[in-house]
Amino acid sequence: MPSLGRLHLITDTRPGRDPLTVVRAALAVARTDLVVQVRVEDSATDREAYDLALRVLALCAPYGASCLVNDRLHVALAVDAAGGHVGADDLPVAAARRVLGPTGVLGATARAPQTAAEAVAVGANYLGVGPCHATSTKSGLPDPIGPAGVRAVSGAVDVPVIAIGGVTAARVPALLAAGAYGVAVVGAISGAADPSRATAELLGALTC
Ligand SMILES: Cc1ncc(COP(=O)(O)OP(=O)(O)O)c(N)n1
Ligand SMILES: Cc1ncsc1CCOP(=O)(O)O
Ligand SMILES: [Mg+2]
């Protein structure tokens with residue numbers, strides 16, 4: 001797998017959001033350090049996901065930044081994205097690996113050491129670990145695991161751990177100290193008054 005960026009921006013496609021403007025702003029600051037994960041609402045059509053993914057890929061290309069597609073691996077393949085991300089309600093990790101083939105980047109969600117190790121054993125290249133902190137971006141999540149939960153998972157696997165859920169620049173140092181390789185965010189960039197500045201702050205915290 002090519003080296004994975006440490007800052008993952010997940011597109012915010014909730015009503016009233018402007019994900020492409022936010023992606024543009026973040027790319028201009030983070031460039032090749034950014035991974036953009038295309039995530040759409042469950043109610044979105046495949047065509048909407050495909051169109052957004054194509055547009056995100058076109059924005060990423062000049063910067064050499066990677067684009068991953070959440071959940072919909074057929075969309076990832078259709079647009080020639082670098083790979084995809086799956087969780088408990090999506091294809092099982094082993095099946096996702098078969099779909100993406102041996103070289104596609106595959107992320108899997110995990111919040112406990114055993115499921116994390118199992119996901120890696122069947123083909124995950126990185127783990128999205130959380131929710132680390134409370135988030136208002138996604139409902140119905142279990143309790144936050146905090147940096148201690150991240151430490152438990154990162155100690156059990158030898159792939160990059162990407163901490164997710166309520167991540168802010170101020171929370172990055174504790175997550176890195178717990179063994180996280182990087183972070184994934186929605187609100188910290190998309191909900192910021194100045195997404196460029198928020199990206200710079202996250203990046204600064206990640207590279208300290
Ligand atoms: C980097 C990263 N980590 C975790 C998730 C969550 O995936 P999942 O559990 O499948 O939930 P949805 O995002 O599909 O609602 C993620 N997307 N990215
Ligand atoms: C998709 C997802 N899975 C766990 S937390 C989360 C959303 C993270 O969003 P935010 O960075 O705004 O807390
Ligand atoms: Mg999912």
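Counting starts at 1 for both ligands and their atoms, following the listed order.
Within 4.0 Å of ligand 2, contacts by protein heavy atoms are made from Arg39, Thr135, Thr137, Lys138, Leu141, Ile164, Gly165, Gly166, Val185, Val186, Gly187.
Between Asp90 and ligand 1, a contact under 3.5 Å exists for at least one N or O pair. Considering backbone and side-chain atoms together, Gly87 places an N or O closer than 3.5 Å to an N or O of ligand 1.
Numbered from 1 in the order shown, with element, the atoms of ligand 1 that lie under 4.0 Å from a heavy atom of Ile164 read 2 (C), 3 (N), 4 (C), 5 (C), 16 (C), 18 (N). Every atom of ligand 1 is numbered from 1 in the order shown, and the set under 4.0 Å from a heavy atom of Asp71 is 10 (O), 14 (O). Listed by number with element, the atoms of ligand 1 under 4.0 angstrom from any heavy atom of Ala184 are 1 (C). Atoms of ligand 1 found under 4.0 Å from any heavy atom of Gln37, numbered from 1 in the order shown, are 1 (C), 2 (C), 16 (C), 17 (N), 18 (N). Heavy-atom contacts of Asn70 reach the following atoms of ligand 1: 12 (P), 13 (O), 14 (O), 17 (N) (cutoff under 4.0 Å). For ligand 1 and Arg39, the ligand atoms under 4.0 Å from any heavy atom of the residue are 12 (P), 13 (O), 15 (O). Close contacts of ligand 1 with Ile10, meaning ligand atoms under 4.0 Å from a residue heavy atom, involve 18 (N).
The atom name of the N/O/S atom in Asp71 closest to the Mg ion (ligand 3) is OD1. The minimum distance between the Mg ion (ligand 3) and any N, O or S atom of Asp90 involves atom OD2.
Counting only residues at least two apart or on different chains, no salt bridge (charged side-chain N to carboxylate O under 4.0 Å, His left out) pair has a member in residues 137-158.
Closest protein heavy atom to atom 11 (O) of ligand 1: Lys138 NZ, 2.8 Å.
Residue contact check for ligand 1: His85 places a non-hydrogen atom closer than 4.0 Å to it.
Tyr50 and His74 form no side-chain donor-acceptor contact under 3.5 Å, judged by distance and modelled atom types alone.
A donor-acceptor contact shorter than 3.5 Å is absent between the side chain of Asp12 and the backbone of Pro19. Not a single donor-acceptor pair under 3.5 Å links the side chain of Arg97 to the backbone N or O of Val122.
Ala81 and Val69 make their closest contact through CB-CG2, 4.1 Å (heavy atoms, listed as atom of the first residue, atom of the second, distance). Heavy-atom minimum distance, Pro144 versus Ala134: CG-N, 3.6 Å. Considering every non-hydrogen atom in both Gly166 and Thr135, the closest pair reads N-CB, 3.9 Å.
The option with the heavy atom closest to atom 9 (O) of ligand 1, from among Thr109, Val129, Val86, Leu68, is Thr109.
More than 12 heavy-atom neighbours from other residues, nucleotides or ligands sit within 6.0 angstrom of CZ on Arg14.
Interatomic distance, NE2 of His8 versus OG of Ser66, reported as 8.5 Å (0.5 Å rounding). Within the model, atoms OG1 of Thr199 and CG of Asp194 stand 8.5 Å from one another, a figure rounded to the nearest 0.5 Å. Distance check, rounded to the nearest 0.5 Å: CG of Leu176 to OH of Tyr181 gives 11.0 Å.
Side-chain contact check for Thr109 versus His85: some heavy-atom pair is nearer than 4.5 Å.
When each of Val167, Ile145, Ile164, Leu141 is tested with Pro131 by the rule side-chain contact (heavy atoms from CB on, under 4.5 Å), just one qualifies, namely Leu141.
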